[in-house]
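To start, the structure itself, in structure tokens.
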Amino acid sequence: MHDIKFIKNNPELFDAGLKKRNLEPISREILSLYNDYLKVLSQKEEFQKKRNDLTKEISILSKEQSLDKVEVLKKEVLKIKESINLFEKNASENYGKLNLKLLSIPNNIHENVPIGKSEEDNVVLSIKGDDRVFNFKPKNHLELGESLKMLNYDQAQKISGSRFSVLSNDLALIHRALVNYLLDTHTQENNYSEIIVPELVKSKTLEGTGQLPKFSDDLFHTSKDLWLIPTAEVCLTNLNRDSIINSDLLPLRYTAYTNCFRQEAGASGRDTKGLIREHQFGKVELVSITLPEKSDNELERMCECVEKILKNLDFKYKKVSLCSGDIGFSSSLTFDFEVWMPGQNKFVEVSSCSNCSDFQSRRMKMRIKDQKSNEIFFPHTLNGSGLAIGRIIVAILENYQNSDGSVNIPKVLQTYMGGKKKIESN
RNA sequence: GGAGAGAUGGCAGAGUGGUCGAAUGCACCGGUCUUGAAAACCGGCAAGGAUGCAAGUCCUUCCAGGGUUCGAAUCCCUGUCUCUCCGCCA
């Protein structure tokens with residue numbers, strides 16, 4: 001959500017920001033809606049003042065027993081009320097139009113974001129980790145999972161349809177091990193608080209983080225008017241919606257493991273089978289709430305938390321800065337982490353860390369009160385995957401596979417799997 | 001699912017039709033005292049919006065949405081949520 005006053009004072013700057021996202025200028029339209037609203041608003045307030053004044057007068061006259069005068073004034077107020085109602089209706093209509101427009105405009109782009117049109121223009125910041133050397137042709141995770149008989153798509157298809165999977169035995173165990181390893185690391189080493197959150201939320205919640213009103217097609221909506229969350233970011237960021245937080249409590253750092261549900265409407269035909277792109281997947285999420293001047297550092301810190309995991313799992317990965325044409329709606333600056341998948345011969349995204357600046361906090365009216373100055377302002381919100389479980393399983397299968405189809409278990413996960421060192425079919 | 005109670009400022013908690021945006025306490029901020037701190041005392045302290053260079057002025061807000069009234073935190077209706085008791089249940 002953008003500050004309407006900023007748009008009013010800096011229309012060219014605002015439109016220039018949109019241009020970076022390859023969007024048309026919109027400040028003129030916004031300001032015209034805003035002016036319509038203000039005009040009606042001031043008219044409404046004028047009549048409200050008249051009403052309030054007369055009402056006070058009635059109160060005094062009643063005490064003086066000047067009943068005739070009171071009757072006259074009462075009639076006058078009734079007329080004024082008609083005007084108030086009319087202007088009130090117009091004002092709220094105008095406000096609704098303005099608000100819907102504002103809610104549909106993406107966040108500003110951070111100055112460090114590379115300018116570009118699409119995915120192609122993203123900038124690789126670093127590549128770390130060693131290449132894995134195979135003396136055989138590495139299989140992809142589907143072949144591996146199915147030959148191990150731990151990944152079953154007939155069953156998944158039967159109970160839920162496409163873009164779902166059924167994991168069993170050691171793959172189910174490694175899923176659970178990963179969740180525990182990730183949560184332990186983030187809580188014990190990275191100072192995040194572990195939270196368990198609902199996976200069904202109200203539309204207001206999704207509006208706060210930016211999924212609604214624009215992206216309902218990507219979401220699952222239930223018959224009770226609740227929505228399945230596409231990421232735990234939605235819950236964690238909204239925990240402090242509509243409230244004022246004391247500045248000395250910052251930064252707030254939350255982590256949660258949840259299932260995430262996505263329609264993948266725009267991805268039909270892509271990755272239809274396997275753990276890469278599913279309607280339901282597990283993810284450990286990181287969310288930070290910080291002072292505005294600290295959010296750049298916090299994003300770096302969050303990336304370090306993610307990188308630590310990727311290093312411990314001994315993956316080859318790259319850090320990518322998303323360009324202005326590819327960056328998400330709510331984000332001002334995003335770094336993706338992509339892990340090398342030998343079975344597919346490419347890098348695949350396993351984490352995305354974003355600084356959403358004050359875009360989400362404005363939408364959800366989450367504010368900070370400075371203890372010293374008593375000033376009230378919007379904090380910055382950040383979120384990052386730490387990490388997507390399904391895709392990490394893919395990475396483990398493909399990177400740790402042996403020629404016989406068995407898969408070694410990464411060292412850091414072995415204690416989470418009862419000391420087991422290898423996954424093999426039995 | 002049945003019966004009852006409730007929702008007020010950062011928090012706690014008064015307030016049942018007319019200067020109530022709202023007593024009081026805590027927290028917080030400023031000051032006095034102190035070598036410093038604590039305590040004590042004095043003062044300040046809700047949010048959002050409009051307008052204005054500013055001081056200020058005005059509007060809105062006591063869970064949400066309707067209604068009654070000249071006037072609603074206060075009365076009525078609906079919804080949401082919370083608590084207590086009973087039933088059921090993982």
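Remember, predicted model here, so these are calculated numbers, not experimental data. Residue numbers begin at 1 in each chain, while the letters A, B, ... track the order of the sequences. No hydrogens, no waters, no symmetry mates; every other heavy atom, side chains included, goes into these values.
- Pair assignment for B:U57: B:A50, on the basis of Watson-Crick or G-U wobble contacts that are both within less than 3.5 Å.
- Between B:U60 and A:Arg51, a contact under 4.0 Å exists linking OP1 or OP2 to a side-chain N or O.
- Between A:Ile244 atom CD1 and B:G9 atom C1' there is a gap of 9 Å when expressed in whole angstrom units.
- Stacking of A:Lys319 on the aromatic ring of A:Phe337 is not recorded, the 6.0 Å distance cut-off and the 45° axial limit not both being met.
- One can place CG of A:Leu98 at 13 Å from C1' of B:G49, the figure rounded to the nearest angstrom.
- Side-chain atoms of A:His186 come within 3.5 Å of backbone atoms of A:Gly386 as a donor-acceptor pair (strictly under, hydrogens ignored).
- With rounding to whole Å, A:Asp242 atom CG is found 14 Å from B:C81 atom C1'.
- Using atom P as the reference point in both B:A14 and B:C70, the two lie 33 Å apart (nearest Å).
- Spacing between B:G13 and B:G49 at atom C1', rounded to whole Å, works out to 29 Å.
- Here the separation of B:G87 from B:A73, taken at their C1' atoms, is 36 Å to the nearest Å.
- Using the Watson-Crick or G-U wobble rule with both distances under 3.5 Å, B:U35 pairs with nothing in any strand shown.
- Using Watson-Crick or G-U wobble geometry with both donor-acceptor distances under 3.5 Å, B:C88 finds no partner in any strand shown.
- Side-chain contact check for A:Asp336 and A:Ser352: at least one donor-acceptor pair (N or O, by modelled atom type) lies under 3.5 Å.
- Rounded to a whole Å, the CZ atom of A:Phe87 is 16 Å from the C1' atom of B:A50.
- Proximity of A:Lys81 to the phosphate of B:U69: no side-chain N or O atom is located under 4.0 Å from OP1 or OP2.
- As a whole-Å value, the separation of A:Leu249 CG from B:C28 C1' is 13 Å.
- B:U69 atom C1' lies 14 Å from atom CG of A:Asn85, rounded to whole Å.
- At B:G48, none of the side-chain N or O atoms of A:Tyr95 fall inside 4.0 Å of OP1 or OP2 (strictly under the cut-off).
- For the C1' atoms, the distance from B:G10 to B:A46 is 9 Å, rounded to whole Å.
- Remark: A:Asn52 is in phosphate contact with B:C59, judged by side-chain N or O atoms under 4.0 Å from OP1 or OP2.
- The pairing partner recorded for B:G43 is B:C29, the criterion being a Watson-Crick or G-U wobble arrangement whose two distances lie under 3.5 angstrom.
- Nearest to the side-chain atoms of A:Glu45 among the listed nucleotides B:C70, B:C59, B:U51 stands B:C59.
- Nucleotide B:G6 forms a Watson-Crick or G-U wobble pair with B:C81, both donor-acceptor distances falling under 3.5 Å.
- Across all strands shown, B:U24 forms a Watson-Crick or G-U wobble pair, both distances under 3.5 Å, with B:A12.
- Ion pairing of A:Asp121 with A:Lys117 is absent here, as no side-chain N (NZ or NE/NH1/NH2) approaches a carboxylate O to less than 4.0 Å.
- Partner assigned to B:C70 is B:G18, using Watson-Crick or G-U wobble distances below 3.5 angstrom.
- Across the protein-nucleic acid pair, A:Glu76 atom CD and B:C70 atom P stand 14 Å apart, rounded to whole Å.
- Comparing B:C70, B:C59, B:U51 against the side chain of A:Thr55 picks out B:C70 as the nearest.
- Ring orientation note: the planes of A:His2 and A:Phe14 are nearly perpendicular, at an angle over 60° on the 30°/60° scale.
- Separation of the P atoms belonging to B:C62 and B:U74 is 8 Å when rounded to the nearest angstrom.
- Of the side-chain N and O atoms in A:Lys5, one or more sit less than 4.0 angstrom from OP1 or OP2 of B:A50.
- Below 30°, between 30° and 60°, or above 60°: for A:Phe47 and A:Phe87 the angle between ring planes is below 30°, a parallel geometry.
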